[in-house]
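Here the structure is laid out as structure tokens; the discussion comes afterwards.
Sequence lines set the chain letters: A, B, ... in the order given, protein chains first and strands last, and positions in each chain run from 1. The basis for the numbers below is simple: all heavy atoms, side chains too, and nothing from hydrogens, waters or symmetry mates.
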There are 2 protein chains.
Amino acid sequence: MTARTRKPPTLEDVAREARVSLKTASRVLNGAINVRQEKADRVRAVMERIGYRPNELARSLMTRKSSVIGMIVANLANPFITSVIHEVQEVARSHGYVAIVTSSKGRPDIERMEIETLVRRRIDGLILAPAESRRDTITDALPNDLPLVTLDQLVRGASFDSVTITNRRSACDATQHLLGHGYRRIVAIGTRPHLYTSKERITGYRESMRRASFEPRVCCVDHEDLLTSEWFDKEVIRGQSADAVLSLNWVTTLHFLRGLDALGIRGGRNIPFIAFDDFDLGDVLSPRLTVVRQPSELLGRESAQLLFDRMNGKRRPKPDAVVLPAGLIIRESCGCKGSRSSS
Amino acid sequence: MTARTRKPPTLEDVAREARVSLKTASRVLNGAINVRQEKADRVRAVMERIGYRPNELARSLMTRKSSVIGMIVANLANPFITSVIHEVQEVARSHGYVAIVTSSKGRPDIERMEIETLVRRRIDGLILAPAESRRDTITDALPNDLPLVTLDQLVRGASFDSVTITNRRSACDATQHLLGHGYRRIVAIGTRPHLYTSKERITGYRESMRRASFEPRVCCVDHEDLLTSEWFDKEVIRGQSADAVLSLNWVTTLHFLRGLDALGIRGGRNIPFIAFDDFDLGDVLSPRLTVVRQPSELLGRESAQLLFDRMNGKRRPKPDAVVLPAGLIIRESCGCKGSRSSS
DNA sequence: ATGAAAGCGCTAACAT
DNA sequence: ATGTTAGCGCTTTCAT
């Protein structure tokens, strides 16, 4: 065993060294005003000298407030989510909180376990990007008084705050844009069609197609592993004779572009193409990706702010359902003429 | 205030309801064997019924073990780091731990504050991707007995474990590969040249150039904001008449490709090009990116494993310095003929 | 196998 | 302005 040299100093050690009572030391620690300057200085000097670090665990136990929020996401690899996390952490830090971020891998069973460990650690609030759109899988695992904000996926009939984007509307806009280019056999591709976001985006797509009197063509798989180049070739390209594609999420786009590439097809060039979610190099890809860009920073800030408001009782009892706009970033892959100089 | 309806049940509540002593309930909770089956079942039934959740905070206070590790990274947006985090969390979870991951933004002052908050929360170990390569900024803020593993940046003269990659060697290989294509005015570009990783990579690059009797050309800036297209044009392209480029890190590559694009130049096509760190679409980009790929999953697993070994006293007292190989993924941007079918 | 008492390091409530 | 006494929810002696 690594012998921890000695126990770290406690507030009692500080008090003894500074010849004040424990409570006075505590007051100094918490910046209380009613302490004589002289004693306060003495206490602070001792703290500095012996390297005192307050034990946040002990404090939390007493105050019933851990100063920790939890955040559960589906997939850490998605840069969209990374950006959300970053903003959440900024807000958390500004409130003196830290965030424990874990991943559910999109699986409700893992999500449940993650919730359990977070609850045991007595988090003060939770930001959850649900693995499913079902309410009971979440509420069952949660103390009913834990402030909760859901993100991305909307959980219907839920009694907690949510932050989502204009899924339907943005899918509508994207489809319309492709229709405007004259494409008619536009195929929507994606994963996990039963998810709220998928359903909404598909609905938006369908609306646009119907309005234009074209037949909607939706190709979805249950798991991303099924997004092989063979599948794209057979189901999308040939099966639907696609003349344009709308990709409903990040992971689909990733596999789609790789799959096409393996087939010797250039996404966006040979097949016009709009995707939900941007990529780090989406603006440099050839052709540049036209995407529906989720306002990830805003999503992070809004959801965290909502959570802290709720934790501080600053909101109406009624849950808030914030919907943020996701805008179409028109570049080239949709068929628009880009401004790329040479090639 | 949101009135938390009622205090969550404690082990004492469980014990009372199950008509056993507090200690017996505790034994059941911790899976001790010396409890009569009948009582154990009763206790478990009560726990289930009243929705008891052990308070990890209280347990931690007593056991002096928080079951939390900290992880501080420079930049959450870098997909390489995301992948490391994911693996660290997997290892942590397998040990019954959670990880609190925070970002230093590459700034030592923020790093220091983050260390402080983590120490106050009594983390049992820390995985740190240092913002700088200086030892004292780290050790000053840290209890000297806290198990620590550094990642990515090596801190010289340090007495803790580290996990790094073959920076010098990989830079050497990458440069050699470009030289093999016949380029001689190869320019190494990057940020923060004083960092360990930068220095090592630059050294590797210089070695290769010298060995081939070509003049090394290094263009670095102190902050990524200075990586403008004007800078690339003036300093790299024209200033050095570069006929090939070696990008020393992810953020540089990102700005480089965008900058070139703004100049109407295709990275990899017009300017042959190898980069440290891969991109999500690096294999689909035209031309496909030739990269030095850091074994991020392995880095995550190794560093976490090292940390837990250290925490459990399973290592020799001497600090370990693990060096993992980063391999060259040869695609097209270096000038190699790709296998892309059409274009 | 079981329980009573002490205590982890801090803050809350009530003194003074 | 300062100190005293409890006690947060658990685990750890040390009895029995």
Side-chain angles (χ1 to χ4, degrees), chain A residues 4 6-44 46-47 50-68 96 117 119-124 143, chain B residues 1 4 6-44 46-47 50-68 96 119-124 143:
Chain A
R4 294 259 175 144
R6 64 190 184 303
K7 292 185 0 178
T10 70
L11 198 54
E12 196 176 344
D13 299 331
V14 172
R16 192 178 342 94
E17 291 275 313
R19 285 159 302 138
V20 297
S21 80
L22 180 59
K23 183 59 206 175
T24 301
S26 169
R27 284 196 178 95
V28 173
L29 182 61
N30 293 289
I33 31 103
N34 47 351
V35 176
R36 215 186 311 171
Q37 188 66 33
E38 175 199 328
K39 288 196 179 183
D41 290 343
R42 217 162 63 210
V43 169
R44 265 188 286 266
V46 171
M47 285 177 169
I50 68 179
Y52 169 73
R53 316 294 186 103
N55 186 331
E56 211 54 60
L57 261 35
R59 185 183 295 197
S60 297
L61 185 58
M62 193 63 214
T63 57
R64 299 154 181 288
K65 178 170 157 310
S66 63
S67 299
V68 176
T117 53
V119 168
R120 289 179 176 216
R121 294 211 151 69
R122 294 299 188 263
I123 51 169
D124 295 336
Chain B
M1 294 295 291
R4 295 260 174 145
R6 61 189 185 308
K7 294 185 357 179
T10 71
L11 198 55
E12 196 177 345
D13 298 333
V14 172
R16 193 178 342 93
E17 291 273 315
R19 285 159 303 139
V20 297
S21 81
L22 180 59
K23 181 56 206 177
T24 301
S26 170
R27 284 197 178 96
V28 174
L29 182 60
N30 293 291
I33 32 102
N34 49 351
V35 176
R36 216 184 313 169
Q37 188 65 33
E38 175 200 328
K39 288 195 177 183
D41 290 343
R42 218 161 64 209
V43 170
R44 265 187 285 267
V46 171
M47 285 178 168
I50 67 178
Y52 169 74
R53 316 291 188 104
N55 185 332
E56 212 55 59
L57 261 35
R59 189 186 304 214
S60 297
L61 185 59
M62 195 62 211
T63 57
R64 297 152 181 290
K65 177 168 159 312
S66 63
S67 299
V68 176
V119 168
R120 288 179 176 216
R121 293 214 150 68
R122 294 299 190 265
I123 52 168
D124 295 335

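The nucleotide whose nearest atom lies closest to any side-chain atom of M62(B) is, among dT11(D), dC10(C), dG3(D), dT11(D). Taking every side-chain heavy atom of L11(B) into account, dC10(D) is the closest of dG9(C), dC10(D), dC10(C).
Atoms CG (D13(A)) and P (dC10(C)) sit 9 Å apart, rounded to a whole Å. Distance L22(B) CG to dT13(D) C1': 14 Å, rounded to the nearest Å. Protein atom CG of N55(A) is 16 Å distant from nucleotide atom P of dG9(D), rounded to whole Å. Atom CZ of R64(A) and atom P of dG7(D) are 13 Å apart (whole Å). Atom C1' of nucleotide dG9(D) and atom NZ of K23(B) are separated by 13 Å, given to the nearest angstrom. Remark: C1' of dT11(D) and CD of E12(B) are 14 Å apart, rounded to the nearest angstrom. For the pair R42(A) CZ and dA1(D) C1', the computed distance is 13 Å after rounding to whole Å. Rounded to a whole Å, the CG atom of N30(B) is 15 Å from the C1' atom of dT2(C).
Applying the 4.0 Å criterion to OP1 and OP2 of dT11(C), one finds that S26(A) has a side-chain N or O inside that range. Within the 4.0 Å cut-off from OP1 or OP2 of dA1(C), not a single side-chain nitrogen or oxygen of K39(B) is found. Proximity of T24(A) to the phosphate of dG3(D): a side-chain N or O atom is located under 4.0 Å from OP1 or OP2. Taking side-chain N and O atoms only, S21(B) has a distance below 4.0 Å to OP1 or OP2 of dG3(C). Taking 4.0 angstrom as the limit, K7(A) places a side-chain polar atom (N or O) nearer than this to OP1 or OP2 of dG9(C).
To the nearest whole angstrom, the two C1' atoms, one in dA15(C) and one in dT11(C), are 16 Å apart. Nucleotides dA6(C) and dT5(D), compared at atom P, are 16 Å apart to the nearest Å.
The two residues V46(B) and A18(B) have their closest heavy-atom pair at CG2-CB, 3.8 Å. Of all the heavy atoms in P9(A) and G51(A), the pair that sits closest is CG-O, 3.8 Å. Here the closest non-hydrogen pair linking I123(B) and S66(B) is CA-OG, 3.6 Å.
Using a 4.0 Å heavy-atom criterion, one finds that N34(A) contacts the bases of the nucleic acid, with or without backbone contacts as well.
Both R36(B) and L61(A) sit near DNA chain C, but only R36(B) has its closest nucleotide nearer the 5' end.
If you check distances only, the side chain of R27(A) does reach the base of dT2(D) with a donor-acceptor pair under 3.5 Å.
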* **Step-by-step salt bridge (charged side-chain N to carboxylate O under 4.0 Å, His left out) determination, R42(A) to E38(A)** => CA-CA 6 Å; R42(A) 217 162 63 210; E38(A) 175 199 328; 3.6 Å; yes
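R121(A) meets the salt bridge (Lys or Arg N to Asp or Glu O under 4.0 Å) test with no other residue; sequence neighbours excluded.
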